[in-house]
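In this text the structure is predicted, and so the values were computed from the model without any measurement. By convention here, the first residue in the shown sequence is residue 1.
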Amino acid sequence: MKKSKKSHSILLAGLIILCLPFVLIQADDSITRPDATSSDGLKMEGFSFRSSREGLTSGAPYLITFRLVNVSDHPITFHEQYGVFVGARHGNDNIDFGHKAKGKTLQPGESVPLKQTNHFGASGTYRFWPAYHANGHWGPYRWNEIVVEVTD
């Protein structure tokens with residue numbers, strides 16, 4: 001009997017890990033993604049989403065934070081209009097926000113922190129990920145995204 005419960009626990013843990021990118025969070029909760037490095041040599045650290053006490057409802061505020069670190073051996077220059085930002089979608093609508101480090105050149109070892117508060121619009125599915133435009137191209141689309149469902 002113990003072996004069976006242990007097997008079920010291991011199976012459940014495996015399923016949770018596989019489904020982690022698609023976990024929906026509850027009110028006044030947060031979720032943090034594991035650090036990851038893009039092919040551009042930018043390491044994403046501490047990517048997290050925190051909901052407000054009002055919960056995941058239309059008009060409620062939320063906070064997104066992350067840091068991008070240049071772990072390459074060359075400078076990385078961010079686009080003068082887009083820079084580093086929160087990639088965001090509500091359904092099919094582009095709602096990117098929090099643009100900073102516009103036109104900044106990041107030397108090896110330097111970092112750009114982003115901490116941005118925003119408010120949910122209408123109800124529906126929201127997707128957030130660390131985003132940037134550097135050295136002439138966009139960062140990875142939906143890189144370690146966080147998905148939340150918002151109600152009225």
Side-chain angles (χ1 to χ4, degrees), residues 8-9 11-72 76-107 109-152:
H8 284 86
S9 296
L11 179 61
L12 180 59
L15 287 172
I16 289 170
I17 290 169
L18 288 174
C19 296
L20 187 61
F22 307 103
V23 171
L24 300 179
I25 65 171
Q26 302 300 313
D28 199 25
D29 202 353
S30 66
I31 190 165
T32 300
R33 289 285 179 244
D35 295 350
T37 303
S38 73
S39 61
D40 296 305
L42 286 168
K43 182 178 182 182
M44 172 204 64
E45 296 180 338
F47 176 43
S48 69
F49 170 95
R50 178 171 295 279
S51 68
S52 71
R53 286 184 215 150
E54 291 85 14
L56 301 176
T57 59
S58 299
Y62 58 90
L63 172 69
I64 303 243
T65 60
F66 64 88
R67 174 182 307 275
L68 292 182
V69 181
N70 181 351
V71 296
S72 75
I76 296 174
T77 302
F78 296 108
H79 189 275
E80 61 277 351
Q81 182 180 354
Y82 303 109
V84 175
F85 57 98
V86 177
R89 299 294 182 274
H90 173 232
N92 291 323
D93 296 331
N94 180 336
I95 55 170
D96 297 345
F97 62 94
H99 298 264
K100 69 181 292 188
K102 297 175 183 179
K104 178 179 173 102
T105 297
L106 210 59
Q107 297 300 324
E110 290 185 329
S111 65
V112 174
L114 189 138
K115 181 177 184 179
Q116 187 69 43
T117 302
N118 207 345
H119 291 79
F120 292 116
S123 62
T125 303
Y126 285 77
R127 298 173 179 276
F128 305 104
W129 65 94
Y132 60 88
H133 191 285
N135 295 340
H137 63 274
W138 299 103
Y141 185 62
R142 295 186 176 171
W143 187 26
N144 271 352
E145 76 178 350
I146 291 174
V147 180
V148 296
E149 279 300 321
V150 174
T151 60
D152 285 327

For residues K43 and S111, determine if any side-chain heavy atom of one lies less than 4.5 Å from a side-chain heavy atom of the other. no
Of all heavy-atom pairs linking S38 and P140, the shortest is CB-CG, 3.9 Å
Hey, is the main chain of P61 close enough, under 3.5 Å, to the side chain of S52 for a donor-acceptor pair? yes
Distance from F120 atom CZ to D152 atom CG, nearest 0.5 Å? 12.5 Å
What pair of heavy atoms forms the shortest contact from T32 to S48, and how long is it? OG1-CB, 3.4 Å
Check whether any side-chain N or O of D93 sits under 3.5 Å from a backbone N or O of I95 as a donor-acceptor pair, and report yes or no. no
What's the separation between atom CE in M44 and atom CZ in R67, rounded to the nearest 0.5 Å? 13.0 Å
Provide the closest heavy-atom pair for A101 versus F78 in the form atom of the first, atom of the second, distance. O-CB, 3.4 Å
Given Y62 and F128, is the side chain to side chain contact (heavy atoms under 4.5 Å, CB included) satisfied, shown in steps? CA-CA 11 Å; Y62 58 90; F128 305 104; 3.4 Å; yes
K115 side chain to L63 main-chain N or O, any donor-acceptor pair under 3.5 Å? no
Quick one: do N118 and Y126 satisfy side chain to side chain contact (heavy atoms under 4.5 Å, CB included)? Show the steps, please. CA-CA 12 Å; N118 207 345; Y126 285 77; over 6 Å; no
I need the single residue from T37, V71, L106, V112 that forms a side-chain contact (heavy atoms from CB on, under 4.5 Å) with L42. Which is it? L106
Working note: V84 + K104, criterion side chain to side chain contact (heavy atoms under 4.5 Å, CB included); need CA distance, chi angles, decisive distance, verdict. CA-CA 10 Å; V84 175; K104 178 179 173 102; over 6 Å; no
Going by heavy atoms in the side chains, are T65 and R50 under 4.5 Å from each other? no
Out of curiosity, F66 CZ to N144 CG, how far, rounded to the nearest 0.5 Å? 11.5 Å
Interatomic distance, CZ@R89 vs CZ@R127, rounded to 0.5 Å, equals 10.5 Å
Donor-acceptor pair, distance only, cut-off 3.5 Å: does the side chain of S58 make one with the backbone of S123? yes
At what distance, to the nearest 0.5 angstrom, does CZ of F85 lie from CG of D96? 4.5 Å
Measuring from atom OH of Y82 to atom NE2 of H99, what distance do you get when rounded to the nearest 0.5 angstrom? 8.0 Å
Indicate yes or no for a side-chain donor-acceptor contact from N70 to the backbone of G109 under 3.5 Å, with no hydrogens or angles considered. no
Partner of Y132 by side-chain contact (heavy atoms from CB on, under 4.5 Å), out of L68, I76, L114: L68
Ring centres of W129 and Y141 under 6.0 Å apart? yes
